K.L.:
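I have a structure I would like to understand better, so I am pasting it below and will then ask my questions one at a time.
Index from 1, following the sequence. All of these numbers come straight from a predicted model, not from anything done at the bench.
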Amino acid sequence: MDLSTIVKPRTMAVIGVSLTRDDHPANVIFQKNHLRHKVKVFGVNERGGVLRGEKLWTNITEIPEPVDLAVIATKAEFVPKVMEDCIRAGAKGAVVVSGGFSEVGQTALQDRLVSMAREAEFPFIGPNCLGIYAPPYMDTFFVPNERMVKPGEGRVALISQSGGILVDHMVLCAAEMVGLSAGISIGNKAFVKECDFVRHFGNDPDTDVIAFYLEGFDKNDGREFAMAASQCGKPVIVLKSGKTAAGTKAVSSHTASMAGNYEVFSAVMAQYGIIEAKDEFELVSFAESLSCYRTPFEGNIGIITGSGGHGALAVDACISQGLKVPPLDEKEKAELRQVLSPPIREIATCTNPIDLTGSSVDDDFVAAARYLSGRDDIDCILALVLPYLPGVTLDLGARLGMVCQQEGKPLIAYVPHVEKYQILIEGFVSTGIPVGHSVDAAVHMAEAIRRNKRC
């Protein structure tokens, strides 16, 4: 199934545009794409007319250019006829925004769409979904621009059964400076399913990581998904809801999916090398770290900090995740002291974690990072950067990023998430360093890399 044209369309028809309701989903979609994204957009209203100076076509078949993507936002009972028109017009695929299908018991209506699509080899996303956000190509979400927080372009594909959860995750991605190649809400996933997106983004040169929010699988889809994920060659991250009996019931009422037995699901994901996130914060932090580092390691962590307390918390977090913090022997401690600045040589704790103390300066963090980069028993460096230390400047992120690029040793940073420190954070991000905004988040990023092992 070729999804490339509908994920990155050149032309798009929005069907169901209203002449009387500016807040109609179709109107929101049309207006937010018109002249604002790369896609060329056409509006369709069965009575025709003009919307803000733009002609509305009475049917997709009348549009004078080939249509790559049709966005269908009509009442559910009209969708089969509209889809028939889309197929007749030669559209490459559709997003069915409309609700009122299997999620409310109208399975026959949904089955009718699937039958039409299968016969015509016409891929469609949904129904009951927001569709696709693919910067800078287009945005089919019927959420007004002023109410959305959008991540920029990046290399993470985020696919979600829930449109609301996807929007929440996009807010987190924007806050963490994680860019997206696409954010896709699949709703009832009647025709295009999770495994189709694994295969598509597995071959997409603009995507490095594929992340999912899942509620459940249809019969036999779970096994196909696991097989596709294990073979795609890119990290696949999954956050699953429906872990409890009450959650399973909520899943069924939302998108009519079968949540299944969570313990079995979790075991299968691990067996096939799929990385499971426990919550939305792990999902985003895992995606961030794996978009920076793809090669798994054994899990030996070197920790650099300006605060002994932060170092102790990091050690506890590493051990709880199954990571190791190998100590430095006396000879190694002496070697490290010699590369530190004279004022802290006698007061720094030169073991692992390396506590440079509150008197440290940028040069000390850089020297310690270079020292650990040269050690074969360290797989990844965790830099706990406290910007309020007097000797630490906003240049430290970029400087440590350069060390990482020059030495080839993975480095993950912790920086408190405060607007005042944004330049420091951007220094890390601009050099390809993931940044956690809690010690636990930074450690979880390292754990995600360790677990990124294909079958």
Side-chain angles (χ1 to χ4, degrees), residues 3 5-100 113 122-150 163-164 166-167 170 180 182-187 192:
L3 302 179
T5 306
I6 64 174
V7 173
K8 297 177 181 177
R10 292 163 300 177
T11 55
M12 179 170 74
V14 181
I15 303 169
V17 172
S18 171
L19 289 168
T20 58
R21 282 185 53 199
D22 272 350
D23 62 346
H24 188 284
N27 290 52
V28 173
I29 296 166
F30 176 83
Q31 290 165 12
K32 74 193 303 188
N33 283 278
H34 181 53
L35 302 179
R36 292 176 177 160
H37 290 277
K38 283 188 174 182
V39 71
K40 184 175 182 180
V41 62
F42 301 91
V44 177
N45 176 290
E46 63 179 4
R47 292 184 296 275
V50 176
L51 180 67
R52 298 191 177 183
E54 293 295 319
K55 177 179 178 178
L56 297 181
W57 304 87
T58 60
N59 193 292
I60 188 174
T61 58
E62 295 182 352
I63 294 174
E65 297 183 31
V67 174
D68 289 336
L69 176 67
V71 180
I72 303 173
T74 65
K75 290 183 178 180
E77 60 263 33
F78 301 141
V79 172
K81 173 61 170 63
V82 172
M83 185 175 288
E84 182 180 312
D85 292 338
C86 292
I87 294 169
R88 189 154 49 92
K92 301 298 190 299
V95 167
V96 182
V97 170
S98 314
L113 296 183
F122 181 78
F124 74 89
I125 297 170
N128 183 34
C129 71
L130 291 176
I132 307 169
Y133 167 69
Y137 296 94
M138 51 94 180
D139 176 2
T140 74
F141 291 15
F142 53 87
V143 181
N145 276 325
E146 67 272 14
R147 300 191 184 188
M148 280 193 70
V149 177
K150 298 181 182 181
L166 176 59
V167 173
M170 288 171 59
L180 299 183
I184 301 178
S185 157
I186 57 177
V192 179

K.L.:
Set out, in order, the CA-CA distance, both residues' side-chain angles and the distance that settles side-chain contact (heavy atoms from CB on, under 4.5 Å) for Val50 and Leu56, then state yes or no.
P.N.:
CA-CA 5 Å; Val50 176; Leu56 297 181; over 6 Å; no
K.L.:
Apply side chain to side chain donor-acceptor pair (under 3.5 Å) to Lys150 and list each qualifying residue two or more places apart in sequence or on a separate chain.
P.N.:
Asp139, Asn145
K.L.:
Do the side chains of Val96 and Met83 get nearer than 4.5 Å, heavy atoms only?
P.N.:
yes
K.L.:
So, using ring pair (Phe, Tyr, Trp, His ring centres under 6.0 Å) as the criterion, who are the partners of His37 when residues are at least two apart?
P.N.:
none
K.L.:
Taking side chain to side chain contact (heavy atoms under 4.5 Å, CB included) as the criterion, tell me which of Val67, Ile72, Val82, Ile87 meets it with Ile60.
P.N.:
Val67
K.L.:
Looking at Thr74 and Gly16, would you say the former's side chain and the latter's main chain have a donor-acceptor pair under 3.5 Å?
P.N.:
no
K.L.:
List for me each residue that meets salt bridge (Lys or Arg N to Asp or Glu O under 4.0 Å) alongside Asp68, sequence neighbours excluded, and say none if there are none.
P.N.:
Arg10
K.L.:
Can you find a pair of side-chain heavy atoms, one from Glu62 and one from Val44, that are under 4.5 Å apart?
P.N.:
no
K.L.:
Looking at residues at least two apart in the chain, or sitting in another chain, which of them share a ring pair (Phe, Tyr, Trp, His ring centres under 6.0 Å) with Phe124?
P.N.:
Phe191
K.L.:
Please list all pairs meeting side chain to side chain donor-acceptor pair (under 3.5 Å) that have one or both residues in residues 75-85, counting only residues at least two apart or in different chains.
P.N.:
Asn59-Asp85, Lys81-Asp85, Asp85-Arg88
K.L.:
Against Leu69, only a single residue in Thr11, Val7, Val95 fulfils side chain to side chain contact (heavy atoms under 4.5 Å, CB included); can you say which?
P.N.:
Val95
K.L.:
Taking only residues two or more places apart in sequence, or in another chain, which ones meet Phe30 in a ring pair (Phe, Tyr, Trp, His ring centres under 6.0 Å)?
P.N.:
His34
K.L.:
Taking only residues two or more places apart in sequence, or in another chain, which ones meet Ser18 in a side chain to side chain donor-acceptor pair (under 3.5 Å)?
P.N.:
Thr20
K.L.:
Check salt bridge (Lys or Arg N to Asp or Glu O under 4.0 Å) between Arg47 and all other residues, then give those that pass, not counting sequence neighbours.
P.N.:
none
K.L.:
Checking Arg147 now: which residues fulfil side chain to side chain donor-acceptor pair (under 3.5 Å) with it, not counting sequence neighbours?
P.N.:
none
K.L.:
Kindly write out the residues that satisfy salt bridge (Lys or Arg N to Asp or Glu O under 4.0 Å) with Lys40, not counting sequence neighbours, or none if the list is empty.
P.N.:
Glu65
K.L.:
Could you pull out all residues at least two apart from Val167 that satisfy side chain to side chain contact (heavy atoms under 4.5 Å, CB included)?
P.N.:
Leu130, Phe141
K.L.:
Restricting to salt bridge (Lys or Arg N to Asp or Glu O under 4.0 Å), what partner residues turn up for Arg21, sequence neighbours left out?
P.N.:
Asp23
